Amino acid sequence: MQPKLAQSWLTYSAPVAAARAVGRPLVALESTIITHGMPYPENLRTAREVEAVIRDLGAEPATIALIGGRIHIGLSDEELELLGRSGQAAKVSRRDLPAVLASGGLGATTVAGTMICAALAGIEVFVTGGIGGVHRGAPQSFDISADLQELARTSVAVVCAGAKSILDIGLTLEYLETHGVPVLSCGQDNFAAFYTRDSGFRADYRLDDPADQARFIRTKWDLGLAGGVVLSTPVPEAAALPSEEIAALTDQALAEAQAQGISGKAVTPFLLARIKELTGGHSLAANIALVKHNAEVGARLALALARAGHGRVAV
Ligand code: PSU
Ligand code: MN
């Protein structure tokens, strides 16, 4: 599960190494959200605050990025700053990992990229903002995030505020179902929609209690059912955006992306930045609030998984 050769690419930060040594639960964090998801300086401030939320709850945050030909599991403050300010980091999904590692460049891992690295490091829980998914118009464009394929194969629990509302959420859930990825929801019956709380689609299972979430996840993996689990939790009420407004602005941003010929990995960063402008910054505030909330849910899950242990779980 953790091949030796792949392990040799990992560099652990001192706090992460210390947590591993004493068995303190770890929570992985991605870095594309820092480099491509939010503008400076909010990106850097949020990255630090999210780490603090996890640490305060008794787990250890491990932000993951590629620096100088190494996979860094846990970043120093200087490394976070480098990523947050550089504007040069590559967006690294499964496809891009070898290119950026081999060339020694600076790489920010997406949900897919972070899941791969977290699994190599034996980290079971990963907190992000919203997962990638099936883009609207995918029947023509074939634009389906590699995040979904990664969820199908890599055994990491991904805590998110649903899928970004720029996506086709119905098709995203269909894809996950086809690939056997369970979609759990915490705090409400329905799958969340990133800036808004309700996607209008039911999650597969509602599990509010971290102990129940942990039991579900442990049971899946103990059965040998490899692959990820999505745990969705809605953006806090006070930061949620009105859904009609966000729907109209998303349509506008999508039309602009198409008119400007934006394609491939540039699509999601373009849409996030444009929606931020169109909402006068409100979408960024929502994004920050939801990631911090996800970090709370993720830290509690990591602690519960550590308590649950392996083997047949008590009911
Ligand atoms: N969630 C956010 N902001 C982001 C992303 C997710 O709140 O910037 C990033 C994640 O890294 C995710 C990526 O994996 O967007 C999806 O990109 P694509 O659609 O190109 O696969
Ligand atoms: Mn894409």
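Here the structure is a predicted model, which means the values were calculated and not measured. Just so you know, ligand 1 is whichever comes first in the structure, and atom 1 is the first atom listed for that ligand. Side-chain atoms are counted along with the backbone in the values below, which use heavy atoms only and exclude waters and symmetry mates.
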Counting from 1 in the order shown, the ligand 1 atoms closer than 4.0 Å to a non-hydrogen atom of Asp147 are 12 (C), 14 (O), 16 (C)

Nearest non-hydrogen protein atom to atom 5 (C) of ligand 1, with distance, is Lys164 NZ, 3.3 Å

message = Treating Glu124 as the side-chain partner and Leu305 as the backbone partner, does any N or O pair qualify as donor plus acceptor under 3.5 Å?
response = no

If we number the atoms of ligand 1 from 1 as shown, the ones under 4.0 Å from a heavy atom of His135 are 19 (O)

Exercise. Would you say the side-chain atoms of Ser185 pair up with the backbone N or O of Gln188, donor to acceptor, closer than 3.5 Å?
Worked result: yes

Handout entry: Under-4.0 Å salt bridge between Asp251 and Arg136
Key = yes

* Does the side chain of Glu42 come under 3.5 Å of the side chain of Thr46 through a donor N or O and an acceptor N or O? -> no

| said: Between Glu81 and Arg48, does any side-chain N to carboxylate O distance fall below 4.0 Å? | reply: yes

In ligand 1, the atoms that come under 4.0 Å of a heavy atom of Asn287 are 7 (O)

Ranked by distance from atom 11 (O) of ligand 1, the top protein heavy atom is Glu30 OE1, 2.6 Å

For the Mn ion (ligand 2), the nearest N/O/S atom on Asp143 is atom OD1

**Report entry** Residues Lys292 and Glu296 bridged, charged N to O under 4.0 Å
**Finding:** no

Of all protein heavy atoms, the one nearest atom 2 (C) of ligand 1 is Ile33 CD1, 3.8 Å

Nearest non-hydrogen protein atom to atom 4 (C) of ligand 1, with distance, is Leu272 CD1, 3.8 Å

Flag the pair Leu148 / His179 as yes when at least one side-chain heavy-atom distance between them is below 4.5 Å, and no otherwise.
-> no

- Please determine if Thr268 has a nitrogen or oxygen closer than 3.5 Å to a nitrogen or oxygen of ligand 1. yes

of all protein heavy atoms, closest to atom 21 (O) of ligand 1 is Ser145 OG, 2.7 Å

Practice task
Would you check if Arg95 and Lys265 make a side-chain contact, meaning some heavy-atom pair closer than 4.5 Å?
Solution key: yes

Should Val156 and Val181 be counted in the same cluster of Ile, Leu, Val, Met, Phe, Trp and Tyr side chains packed under 4.5 Å apart? yes

Hydrophobic cluster identity match, Leu173 and Leu151, side-chain contacts under 4.5 Å
yes

Note: ligand 1 atoms sitting under 4.0 Å from heavy atoms of Gly129 are 7 (O)

**Study point:** contact_flag Lys91 ligand 1 heavy-atom lt 4.0 Å
**Key:** yes

Exercise for review: Could you say whether the N/O atoms of Thr109 and ligand 1 ever approach to under 3.5 Å?
Suggested key: no

Ligand 1 and Gly130, any nitrogen or oxygen pair closer than 3.5 angstrom? yes

(message) For the 3.5 Å polar cut-off, considering only N or O atoms, please tell me whether Phe194 and ligand 1 meet it.
(response) no

Atom 8 (O) of ligand 1 sits nearest the protein heavy atom Gly37 CA, 3.3 Å

